[in-house]
Amino acid sequence: MKIHEYQGKQLLKDYRVAVPRGSVAFTPEEAGEAAAAIGSSAYVVKAQIHAGGRGKAGGVKVVHSPEQVSEAATELLGKVLVTHQTGREGKEVRRLLIEEGSAIDKEYYLGIVLDRKISRVTMIASSEGGMEIEEVAANTPEKIVRETIDPLIGLAPFQARRLAFAIGIPGDKVNQAVKLMLGLYQVFVEKDCTIAEINPLVLTKEGKIVALDAKLNFDDNGLFRHKDILELRDPNEEDQKEIEASKYGLNYIALDGNIGCMVNGAGLAMATMDIIKAYHGEPANFLDVGGGASKEKVEAAFRLILSDPHVEGILVNIFGGIMKCDVIAEGIVAATKSIGLNVPLVVRLEGTNVALGKEILKRSGLAISPAGNMADAAGKIVSLVDQTAGGVAQ
Ligand code: ADP
Ligand code: MG
């Protein structure tokens with residue numbers, strides 16, 4: 001789960017990480033009031049969307065009076081911002097962070113991620129702040145330094161100092177940087193983050209080390225123990241179908257293609273997407289209904305697929321073990337009863353209660369193309385979708 005920059009900064013502040021003074025605003029009036037309350041010679045008006053690259057896309061504006069803050073807010077609110085992280089459709093700006101402008105002397109990069117290769121949390125730092133870290137890694141990898149963190153010891157102060165010196169933080173500012181790094185590590189661990197990134201971390205002309213941006217992502221599997229983080233969720237920023245899926249405990253991820261998939265088991269779901277691709281089709285989603293799902297859960301899953309306007313065909317691929325084929329069939333029939341079915345549906349069922357499942361589907365009168373195996377299923381759905389799209393072969 002992602003949160004907004006202003007929420008991340010509030011959280012960081014609770015962990016003694018220095019951030020600029022600022023507050024959130026939903027209207028131009030609130031923006032002006034927020035600026036007046038800060039009282040500064042420079043203000044920054046920042047679009048709050050769950051994506052980076054806002055600076056380059058015009059989503060970060062520096063102005064010099066509360067009136068100008070209101071004007072900038074009027075311009076930004078409601079605007080669709082397209083950055084390299086939003087995709088082509090962009091994201092609508094509904095909230096702003098109004099904060100005091102910092103006089104920047106130098107920008108750095110600081111981040112924490114899990115290094116999966118060595119199964120260790122790793123702190124990464126660079127003298128090249130403000131730029132995409134991927135770019136720095138590709139062009140000047142020697143400018144990235146890292147410290148592997150022992151989970152039992154945590155980030156040791158000497159490691160933080162080593163990083164601070166390595167990226168060129170002036171000696172008399174190193175203690176500030178160390179304090180900030182220790183706070184960042186603490187929030188990462190205590191809140192089950194998957195990423196904690198400050199880009200840029202800056203040294204101001206007044207000699208302060210401050211987090212000017214904040215990106216915190218959280219592990220969805222840890223959210224049950226962080227009610228405070230769950231409250232920060234902004235449904236406007238998330239895929240509505242994924243939110244709906246999470247209510248039913250379904251593993252659903254929206255993708256770009258046009259073939260909706262309903263599968264049981266993550267491995268089979270991956271294999272199904274692969275075989276659709278092998279037949280030159282494009283899956284519209286990853287969906288694992290899991291083992292032992294109820295009819296209601298299957299119905300919700302199928303409704304989700306049907307409600308996706310990009311779906312031009314559906315492939316149901318079930319290997320019933322704990323999951324029973326008749327329950328799957330009942331869920332499909334129940335979902336199509338309320339919404340109807342106007343795209344081709346290919347079903348491949350195997351395993352527990354398969355005969356009963358097939359019988360239920362047959363009796364439903366739905367136009368279903370049965371498939372004998374996975375290759376048959378993928379081939380059938382891809383050609384059916386191609387036919388409805390006017391015979392355009394891909
Ligand atoms: P993004 O990463 O989405 O582009 P940032 O928060 O990193 O957004 O802002 C982009 C740039 O804007 C920063 O690299 C920094 O130069 C400038 N900036 C952001 N916040 C402030 C601030 N409070 N004071 C001065 N400059 C800022
Ligand atoms: Mg940034």
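Quick note: numbers below take in every heavy atom, side chains included, and nothing from hydrogens, waters or symmetry partners. Note that the coordinates shown come from a computational prediction; the quantities given were computed from them, not determined experimentally. First listed ligand is number 1; within each ligand, the first listed atom is number 1.
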Check: residues 356-371 side-chain donor-acceptor pairs under 3.5 Å, at least two apart:
residue, atom, partner, partner atom, Å
S364, OG, L361, O, 2.5
S364, OG, L366, N, 3.2

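- Rounded to the nearest 0.5 Å, atoms CD (E237) and CZ (R94) are 8.0 Å apart.
- The N, O or S atom of D213 lying closest to the Mg ion (ligand 2) is OD2.
- Checking each of R54, R95, K215 against E5 for a side-chain hydrogen bond (donor to acceptor under 3.5 Å, both in side chains) leaves exactly one that passes, namely R54.
- Under 4.0 Å is where a charged nitrogen must lie from a carboxylate oxygen, and between K247 and E244 at least one such pair does.
- Not a single donor-acceptor pair under 3.5 Å links the side chain of Q176 to the backbone N or O of K208.
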Pairs under 3.5 Å, nitrogen or oxygen of ligand 1 with protein nitrogen or oxygen:
residue, atom, partner, partner atom, Å
ligand 1, 2 (O), D213, OD2, 3.0
ligand 1, 3 (O), G53, N, 3.1
ligand 1, 3 (O), R54, N, 2.8
ligand 1, 3 (O), R54, NE, 2.7
ligand 1, 3 (O), R54, NH2, 3.4
ligand 1, 4 (O), R54, N, 3.2
ligand 1, 4 (O), G55, N, 2.8
ligand 1, 6 (O), K46, NZ, 2.6
ligand 1, 6 (O), R54, NH2, 3.1
ligand 1, 6 (O), D213, OD2, 3.4
ligand 1, 7 (O), N199, O, 3.1
ligand 1, 7 (O), D213, OD2, 3.0
ligand 1, 8 (O), R54, NH2, 3.0
ligand 1, 14 (O), E107, OE2, 3.3
ligand 1, 16 (O), E107, OE2, 2.7
ligand 1, 20 (N), K46, NZ, 3.2
ligand 1, 23 (N), E99, OE2, 2.8
ligand 1, 23 (N), E100, O, 3.2
ligand 1, 24 (N), S102, N, 2.8

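- A donor-acceptor contact closer than 3.5 angstrom links the side chains of H4 and D234.
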